[in-house]
Each structure stands twice: as C-alpha cells, then as structure tokens.
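So the structure is just underneath, and the comments pick up after that.
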Amino acid sequence: MKEQLRSLIEQALDGLRKAGTLPADAVAAFVLERTKSREHGDFATNAAMALAKPARSNPRALAQALVAALPQSTLLQKVEIAGPGFINFFLSPAAYHEEVKQVLAAGAQYGRSTIGGNKKTQIEFVSANPTGPLHIGHGRGAVVGDCLARVLAATGSDVGREFYYNDAGAQIDNLAKSVQARCLGIDVDDPRWPADGYRGDYIKDVARAFLAGDVAHADGRDVQASGDANDLDAIRRFAVAYLRHEQDLDLQAFGVAPFDTYYLESSLYTDGLVEKTASELIAHGHTFEQDGALWLRTTDYGDDKDRVMRKSDGSYTYFLPDVAYHVTKWKRGYQRVINEHGSDHHSTLMRVKAGLQALDMGIPKGWPEYVLHQMVTVMRDGQEVKLGKRAGGYVTLRDLIDEVGRDATRYFLIARKSDSQMVFDIDLARSQSNDNPVYYIQYAHARVCSVLRQLDERGIQWDRANGLAKLDKLGSEHEAALMAEISRYPEVVEAAALNLEPHLIASYLRELAYALHTYYNAHQFIVEDVDVRDARIALAVAARQALANGLDLLGVSAPEQM
RNA sequence: GCGCCCGUAGCUCAGUUGGAUAGAGUACCAGCUUCCGAAGCUGGGUGUCGGGGGUUCGAAUCCCUCCGGGCGCGCCA
C-alpha cells in the first residue's frame, strides 16, 4: 500500500522534472509516513519541503505543483496541502478493501517481502559458555536473536542461526575443578574448595551424574562419564556436554533451539586457525612485542589502547580466537553477520573489528554488525530479585518459563527496545488479566476464532468471496480503523527488519488487538444481513491473520481459545 | 578519570531515523453485558521530553556542556 503511494509520488516528481519545475538533478530523500492524526489523512510526505531548496521554490507552491502532477489513482480519495508544505494523502475505501483481499489471499505470507535480497546472513546469539544454567539475561538475548532471525527471514534474507561457545578456557577449567570438588564431597565453605569455583547447586547434579556414569548428549555428541573423580579431563568433557544439554533443554522450552550451527572455540585451536590468524596479523605488520608479550596495534583502528594478543606465557588472550572465529564467518560466505550480545561485552566490539581490519582481507568496516541488549531487573512482589551467576541461586530462564510461561516470557523480553534497561515484573507477566498485554493480544486472536466456532454451531456458512466483494458495506469508524491498522503490518515488519528492532512488532500487535477488541464490542458480526455478515467476518479474519503472522514473528503462540 | 548505552505522565514504556497539538498501558474515578467469550468496551487529566546552550523553516530526535543511572575499562572470558 505504502509502496504504491510512494510510486505515485515518484511519478509526479518525474513529471515535474520533465516539465522543468524541478531541476533534473533534484533528488532529495523524502519521507512518506503514517500520520499521527486522522485529520492529516492516512499518509503524509515532506517531499515538497525537502525539495524546495533545490527547486528554488517555496514549499507550498512546490506542493501544489506536485499534487497537480500526481497520476490518477483509485488509491486516493483526497490530497491536501497543509502546514509549511506537508502533502496529506487520504486513501480511498477501495484501497483498504484491496488490502483486506490481499491479506486473505496471502494468508501466512502476508507481510513477508524480499527486501533482504536473499543476502546470506548469520545471526549469532545466546553463545553462553557451558558453565551453568541460562539466566534471564541470556533469555533476553535468546528472544531478541531469535526474533531478529525470524524477521529477517520473513523479509527475504537467507538466515543462519549460530551458537558459539567456549569449551576449553580458564572458565571451563574452573568448572571442571568445581565438579571434581563436588565429586570428592568438598563443600563450598571447605578450604579445599577451588578459588574461582562455581558454587551453584547445579554443580552437584553434574557431579552426581558423572559419578553414576551417565551419558551426556549435546551438539550431536555423546559423552560417557568415566566416574573416575581423579580424571579431570574426563570431568571437563562430561561437564561441558552435560551443561550444554541443560541449556538446550532450556532453549527448547523457550522455542529457540535448535540452532543451525554450534561453533566450539576449541576447534579454532585444533584447526590451527588461532595460530594462523596470529601469524597473519604479524605478517601484516600491525603487531609489536613488549614486556614479553605480543600486542596488536588496535589504536590504529580507533581503540583507546593497544591490546595484548599473546601473553608472555605464550597463550593467547580471548580476543585472538574471537578474531579467528570471525574470519571463519567471513570465509563461510556470510555477507552480513549480526552478533547479539549482552551490553557488558561491548568492549570486545572494537577489538574484534580492529583485528579483522588489520588482516587486510577486504572485510568492510561495518562488518559484523552488533545488537546489544541491556540488563534485565527482575521484580517480584514489588522487590528486586537479585541475580548473581557465580554465586548460584539466581533466577534461571527455566524458572521464569516454568513460572510465567513461554509466551509471556518471550513477549515481555521482546516488547522493549533491546538497548534500554528493563524491569521484568513477574507478577504482571503471570497475571491472566487485562493488565497483561500478551493475553490481550492472544485473546483478540482467540475471539475471532470464537466467532467462527459460533457460526459453525449455528450452522451458518461464511461466504468468503461474497464478503470480500461486499467490503464496501463496512463504513463505520471502527471498521476503517481496523483496516488501517491491518494495512500497517507490512510496514512494521519492514521497519523491524531494517532497524533490527523486533520490539516494534510487539507494540504494533497491541494496537492491532485494541482495534479489534473495540470493533468487536461495538458491532455484532453475526447479523441477519448476509452481505454485511460476510464482509465483517472477512475483516475479522484478516485481522486474525495479521495477529497470527505477527505473533509468529515473535515466537508467541496464537491460541484458538484461551 | 575514559568509552558505550540510557534519562519522556505517579509507575512501566513507545515515539516510524528532523516534522504538524509529544503518545500508549497501568494506576485512579465513573459507566457499559436480555447480544458472537467482560481475559473486553466507553468516558474523565497527566508533562520544564533530566538542566542549559547550539545547528534550521522545524529538535524528544543531531552537536556541545553539565547533572543523574547502568555497563565496560586485565598479559580474565
């Protein structure tokens, strides 16, 4: 709908250029947007204001010329010039009727597009190290990444979802030692307890399973526990697989797993990619030695100080494998990479990018892209629930899903812009009342389903074709508002994709649900007049379709009854 | 101290990349069901857009500065 209108404006501008009203080289980016109030029509553009300067004309005069040059179209009912030179477009009812027809024709495809150009895109997210259960912060990252993947796929990108984890470093050593200590019956307050050990109770579960000789399954591999508490290496392998499996169970319960690929940091070493990356950085002359360590001159790329890449003991700092890892992404052919991380990792962004630039491989400066999410504060009974991963005893993602449900957890975590801190109110999320937006939206969907069930019970047939042919019977404000709301859906999906902001869909759905509830309350759908009845149901079903498609992009269910 | 993010109604948050009179939800008050599900609907008021400068036809949005909050600042990951 918006695209058709934009095309009309472009045609008018072409006409003005040919007529000499506009210089041939006058190309200004203009905005075509939904209006805030109905008085200003459905859409408005600032084209005349944006082009006034190059045209050496005043905005209102140019607006008049532009309006006069608009091609005839059944889309438009009225065009007005307002304020300093806005052009307001009032769409015809027929334009909205056409949109409703398209919704029903497209079904689950409605709102999908090809603007992504089939670009090979990777989204890396969650990427939690297997040292414990996932917490709510991982949950936020999981939904944001998952919804981004869904939205980008729906807008024509070729999306791969990847989970990267460290299965070999110092943290994993601590994990293995912690499990070993538990195997030996050492408690956290025992002086023999490892210094940076993981104190959470889940470590006991791992130890118990290891001693029992269980098999842990993760990422396509089975790891058999030897049961030998003295074999730290065996404990390490088992603990990693065990905790990865636990995370997978959590992610499955959250509707996020499985990922397309799981990438292990250890493979970067065994495949020699870390060494190779180091030697190439040296060969390109961006390194220097000092104090027995090898440094990368990241200050050449905007960092505030240079960074050690190989420590004086010969081992590498974490960021070198990170660079090597991103080289694999580049070599795997991803034209676009989006990394979703917690904002506490933002300091790594510049280092990784500096490392990639220093390799002189022709990687664009803006590659990879990052989406960061801020902290989540959890509230229960008006009090903050403190998180603390290393101490154990924190609110896990699993606890949250078990308590408030998958749908509400996902919706709450995706409804806010990811770069602002948010408060997760457990009491609100689990309340089954009109306070809770996720129920409000799902109820709108269920209500339409309920109407269709009611038709069935009364033995009434809905003639879809007749309904679509009789949409002009729907002239009320409620109906116009609902049609307008439905027609925004493709624009919202596109904006979410372009800005990497899936929360836009969450707010949109609430507004769409509002339009439907309002309509439902003001009008009876199942009426005697067959034409009106068929048309109203066609509109309701179109609304249901937009609700269902939007909920699907959020990974939230669209129930037929509550 | 330096870097990144944030500051919008009592509270939780939007604000379509610089547009028109800054919006929702919630809370509070008053109403609405012989009718397809009341998990709903209809009214009622709320702002120094943290403060101050600047850029321009026009700023919550961009720049500078100050205040306040979060995160990061290791030869940890």
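Every chain is numbered from 1, with letters handed out A, B, ... down the list of sequences.
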When the P atoms of B:C64 and B:G18 are considered, how many whole Å apart are they? 16 Å
When the C1' atoms of B:G52 and B:G68 are compared, how many Å lie between them, rounded to an integer? 15 Å
Whether the side chain of A:N88 and the base of B:A20 hold a donor-acceptor pair under 3.5 Å is what I'd like checked. yes
If you go through the side-chain atoms of A:S450, does one of them form a donor-acceptor pair with the base of B:G37 closer than 3.5 Å? yes
Hey, is A:Y443 stacking on B:G37? Ring centres under 5.5 Å, planes under 30°. no
Give a yes/no on whether any side-chain N or O of [X] is located under 4.0 angstrom from OP1 or OP2 of [N].
X: A:K311; N: B:C76; result: yes
X: A:Q454; N: B:G37; result: yes
X: A:R510; N: B:C13; result: no
X: A:T518; N: B:U42; result: yes

Output all residues satisfying salt bridge (Lys or Arg N to Asp or Glu O under 4.0 Å) with A:D419, sequence neighbours left out; order by chain, then residue number. none
Face-on cation placement of A:R244 at A:F163 ring, 6.0 Å and 45° thresholds: yes
Quick one: does NZ or CZ of A:R307 land under 6.0 Å from the six-membered ring centre of A:F319, within 45 degrees of the ring axis? no
Show every side-chain hydrogen bond (donor to acceptor under 3.5 Å, both in side chains) that has at least one partner inside residues 403-414 of chain A, sequence neighbours left out. A:D146-A:R410, A:R380-A:E403, A:E403-A:R430, A:D407-A:Q442, A:D407-A:S557
Please list every stem that involves RNA chain B, where a stem is a run of 3 or more consecutive Watson-Crick or G-U wobble pairs with both pairing distances under 3.5 Å. B:1-7 with B:67-73, B:10-13 with B:23-26, B:28-32 with B:40-44, B:50-54 with B:62-66
Using a cut-off of 4.0 Å on non-hydrogen atoms, how would the nucleic acid contact of A:L504 be classed: base, sugar-phosphate, or nothing? sugar-phosphate
Have a look at A:V492 and say if it touches a base, only the backbone sugar-phosphate, or nothing, with a 4.0 Å heavy-atom cut-off. nothing
Atom pairs, N/O to N/O, protein against nucleotides 58-63 of chain B, distance under 3.5 Å?
none

Starting at NE2 of A:H40 and ending at C1' of B:G19, how long is that distance when rounded to a whole Å? 11 Å
Pairwise N/O distances under 3.5 Å, protein to nucleotides 4-6 of chain B:
{"from": "B:C5", "atom 1": "O2'", "to": "A:Q374", "atom 2": "NE2", "distance (Å)": "3.1"}
{"from": "B:C5", "atom 1": "O2'", "to": "A:D419", "atom 2": "O", "distance (Å)": "2.7"}
{"from": "B:C6", "atom 1": "OP1", "to": "A:D419", "atom 2": "OD2", "distance (Å)": "3.3"}

Checking ring-ring contact (aromatic ring centres under 6.0 Å, His included) for the pair A:Y520/A:H478: CA distance, chi angles, key distance, verdict? CA-CA 9 Å; A:Y520 179 96; A:H478 290 113; over 10 Å; no
Is A:T45 reaching over with its side chain to a backbone N or O of A:V31, donor-acceptor style, under 3.5 angstrom? yes
Picking from B:G15, B:A20, B:A77, which would you name as closest to the side chain of A:Q171? B:A77
Could you list by number each residue of residues 406-416 of chain A showing a heavy-atom separation from RNA chain B of less than 4.0 Å, or answer none if no residue does? A:R416
